[in-house]
Amino acid sequence: MEKDRIDEVSKNPIASDDLLKRITELEARIETLEKKDDHLTMVLFSGDFDKAMAAFIIANGAIAMDMKVTIFATFWGLDILKKSSFSTAGRGFLEKMVLAMRPKGPGKLGTSKMNFGGIGPKLFKYMMKKKNVEQLESLINIALEQGVRIIACQMTVDLMGLKSSDLIDGLEPGGAGAFLASASHSNSTLFI
Amino acid sequence: MEKDRIDEVSKNPIASDDLLKRITELEARIETLEKKDDHLTMVLFSGDFDKAMAAFIIANGAIAMDMKVTIFATFWGLDILKKSSFSTAGRGFLEKMVLAMRPKGPGKLGTSKMNFGGIGPKLFKYMMKKKNVEQLESLINIALEQGVRIIACQMTVDLMGLKSSDLIDGLEPGGAGAFLASASHSNSTLFI
Amino acid sequence: MEKDRIDEVSKNPIASDDLLKRITELEARIETLEKKDDHLTMVLFSGDFDKAMAAFIIANGAIAMDMKVTIFATFWGLDILKKSSFSTAGRGFLEKMVLAMRPKGPGKLGTSKMNFGGIGPKLFKYMMKKKNVEQLESLINIALEQGVRIIACQMTVDLMGLKSSDLIDGLEPGGAGAFLASASHSNSTLFI
């Protein structure tokens with residue numbers, strides 16, 4: 001009987017150290033995948049006031065749920081992150097022209113619908129205040145304070161003739177590669 | 001020889017119960033991750049007729065492929081889900097004004113391009129009918145009947161002065177948290 | 001002592017072949033999940049010049065990082081993929097009208113902001129040239145050459161009265177199902 005037991009075991013030879021290694025490796029790999037559940041990466045392409053509100057409400061909601069958030073601001077999305085005080089002095093003619101036509105920071109954005117020459121955003125801000133919805137500037141500040149990582153697309157910054165000092169503090173310069181790297185560690189990605 | 005076999009086994013001592021437990025646990029964890037493949041979560045932010053068409057064609061396509069679908073309707077996306085019959089009676093002045101300017105349900109939406117004061121959507125509906133493409137109202141009804149979960153953003157409902165009874169039946173109230181929870185169980189997320 | 005060893009082993013009977021099979025299966029399943037990290041699927045709904053630029057910069061960035069990219073072009077997104085030479089001869093009246101009003105290929109697109117009757121895109125192209133940013137036509141060609149898979153939404157092609165020969169070469173016809181299948185094998189999905 002003893003022999004039978006031994007036979008049974010030896011018929012199924014396990015290289016147990018190897019098995020253990022494989023299981024430990026599997027656990028590490030699955031943990032990496034699971035970690036993505038807690039990471040959200042957004043492209044903030046649009047510079048519309050309402051879309052910016054949506055992006056930062058989602059970002060701050062995610063932070064409140066202990067998630068990590070990365071925002072890649074590109075094209076018009078950079079309008080949201082401009083200092084209200086920046087001047088276009090010292091830029092080329094075209095850059096001056098383009099910059100002069102773009103809103104300067106979250107206080108000057110239009111809405112994607114019902115903008116009516118800027119009345120739309122004012123109306124929304126009034127209604128938001130009445131209903132105690134946090135204002136956009138506060139949402140952005142809270143996001144940065146809570147560790148939301150905001151990458152300012154360097155190609156757009158260059159293309160629009162912007163300088164990093166035109167943008168609010170706490171941003172990180174980066175390109176499509178930085179966005180893609182972040183996206184590949186995120187379960188959820190949004191293009192806003 | 002018998003001794004050698006025993007030696008080989010005992011040189012590689014496996015706490016087999018523990019191993020089994022770890023493997024069973026890994027299988028459960030990977031199943032959770034794989035389940036996400038069958039789940040799609042969309043933010044329906046835009047109230048454009050054409051984007052709504054795209055959202056509900058994707059939703060119904062996913063349902064046909066046995067996927068689970070969650071739509072988080074927010075901002076202008078709620079226009080798509082309004083009853084055509086609702087009146088603005090009993091709201092404040094601003095709410096009345098904003099509501100009066102917004103389309104009332106899927107039959108009144110504009111297109112994101114070529115709207116031409118509402119001729120665009122009429123043209124599309126005519127062309128869609130000719131080519132046997134399902135109309136938006138039907139797509140929404142089918143989606144709800146087939147179990148697509150539609151969350152109406154409570155913050156927007158409040159902000160716009162809407163009541164749940166202004167919206168079609170079968171919706172679920174919720175906030176950014178409900179969207180994020182659904183997104184974290186979904187492989188695919190879209191912001192439309 | 002020999003007996004003890006045997007006892008210990010036999011107290012924890014492992015069907016080792018079964019265990020090995022389960023571990024091997026787990027490794028295959030996790031590899032499938034990990035492969036998704038390297039796959040990006042985009043819906044290209046918008047026909048705006050700036051959004052098309054963003055989509056193809058992201059696509060080519062992903063290819064440079066050894067990722068697989070699938071673009072599902074639908075609705076106005078097909079404008080980006082039209083040959084500049086196509087004529088509307090032989091279509092119905094409505095189709096002719098709609099096609100006549102839509103831009104013909106990447107050289108004729110408007111921007112989502114600051115279009116100014118077509119001056120916007122010209123301005124951008126000039127600024128892009130000055131800053132050595134690749135032009136849209138090149139970005140599309142590079143994408144196709146590098147193996148980006150572009151699916152042209154058959155429903156839109158039919159709806160708009162387009163023919164496959166109106167679109168640039170190298171596209172693949174497909175529907176929402178093709179998009180969803182690709183999305184379910186992708187870690188990142190974007191609706192642009």
Side-chain angles (χ1 to χ4, degrees), chain A residues 2-6 8-16 19 22-23 25-26 29-30 32-33 36 41-43 45-48 72 74-76 79 92 94-95 97-98 101-102 110 112 153 155-156 158-161 175-192, chain C residues 2-3 5-7 9-10 13-20 22-24 26-27 29-31 33-34 36-40 42-43 46 48 50-51 53-55 57-62 64-65 67 111-114 116 120 123-124 126-128 130-133 186-192:
Chain A
E2 214 124 291
K3 202 185 156 293
D4 288 352
R5 286 188 197 165
I6 299 172
E8 204 193 311
V9 167
S10 55
K11 252 187 298 176
N12 299 303
I14 314 177
S16 61
L19 261 202
R22 283 168 73 182
I23 292 174
E25 207 177 282
L26 276 170
R29 285 162 75 185
I30 212 161
T32 303
L33 290 178
K36 295 200 295 187
T41 298
M42 297 185 262
V43 180
F45 174 94
S46 164
D48 298 318
F72 179 67
T74 185
F75 282 79
W76 320 107
D79 286 342
L94 270 178
E95 293 169 345
M97 197 173 86
V98 170
M101 286 186 298
R102 300 301 315 154
S112 70
C153 171
M155 191 203 77
T156 314
D158 291 344
L159 189 65
M160 304 264 188
F179 158 67
L180 288 161
S182 175
S184 79
H185 297 113
S186 297
N187 183 57
S188 306
T189 46
L190 301 172
F191 185 97
I192 299 186
Chain C
E2 213 126 291
K3 203 189 154 291
R5 285 188 197 164
I6 300 173
D7 271 336
V9 168
S10 57
I14 314 178
S16 61
D17 281 351
D18 179 56
L19 261 201
L20 266 176
R22 285 168 72 182
I23 291 174
T24 307
L26 277 170
E27 284 166 341
R29 285 162 75 185
I30 212 162
E31 207 182 312
L33 289 177
E34 285 171 343
K36 295 200 296 187
D37 286 10
D38 298 326
H39 199 156
L40 163 70
M42 297 186 261
V43 181
S46 164
D48 297 319
D50 41 359
K51 291 198 176 169
M53 284 293 302
I57 287 171
I58 291 174
N60 290 350
M65 288 165 81
M67 293 173 72
T111 46
S112 69
K113 309 264 170 204
M114 295 178 63
F116 305 126
L123 188 63
F124 270 103
Y126 178 80
M127 290 169 85
M128 279 158 55
K130 257 181 68 183
K131 311 272 167 140
N132 290 318
V133 176
S186 298
N187 183 58
S188 304
T189 46
L190 300 173
F191 185 98
I192 299 186

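In this text, all values refer to a predicted model and were calculated from it rather than measured experimentally.
Options C:Asp38, C:Asp50, C:Leu33 differ in how many heavy-atom pairs under 4.5 Å they form with chain A, and the most are formed by C:Asp50. Of the listed residues (A:Ala176, A:Gly47, A:Ser46, A:Ser186), the one with the most heavy-atom contacts under 4.5 Å to chain C is A:Ser186.
Residues passing the side chain to side chain donor-acceptor pair (under 3.5 Å) test with C:Asn187, sequence neighbours excluded: A:Lys36. Shown here are the side chain to side chain donor-acceptor pair (under 3.5 Å) partners of A:Ser182, two or more places apart in sequence or in another chain: A:Thr41, A:Thr70.
In this structure, chain A has no heavy atom under 4.5 Å from any part of C:Met42. Contact of A:Ile23 with chain C is made through the side chain alone, with heavy-atom distances under 4.5 Å. Heavy atoms of A:Thr74 lying under 4.5 Å from chain C are absent altogether.
When all heavy atoms of A:Thr189 and C:Ser188 are compared, the closest pair comes out as OG1-CA, 3.6 Å. Here the closest non-hydrogen pair linking A:Phe75 and C:Met53 is CZ-CB, 4.0 Å. A:Arg29 approaches C:Glu27 most closely through the heavy-atom pair NH2-O, 4.2 Å.
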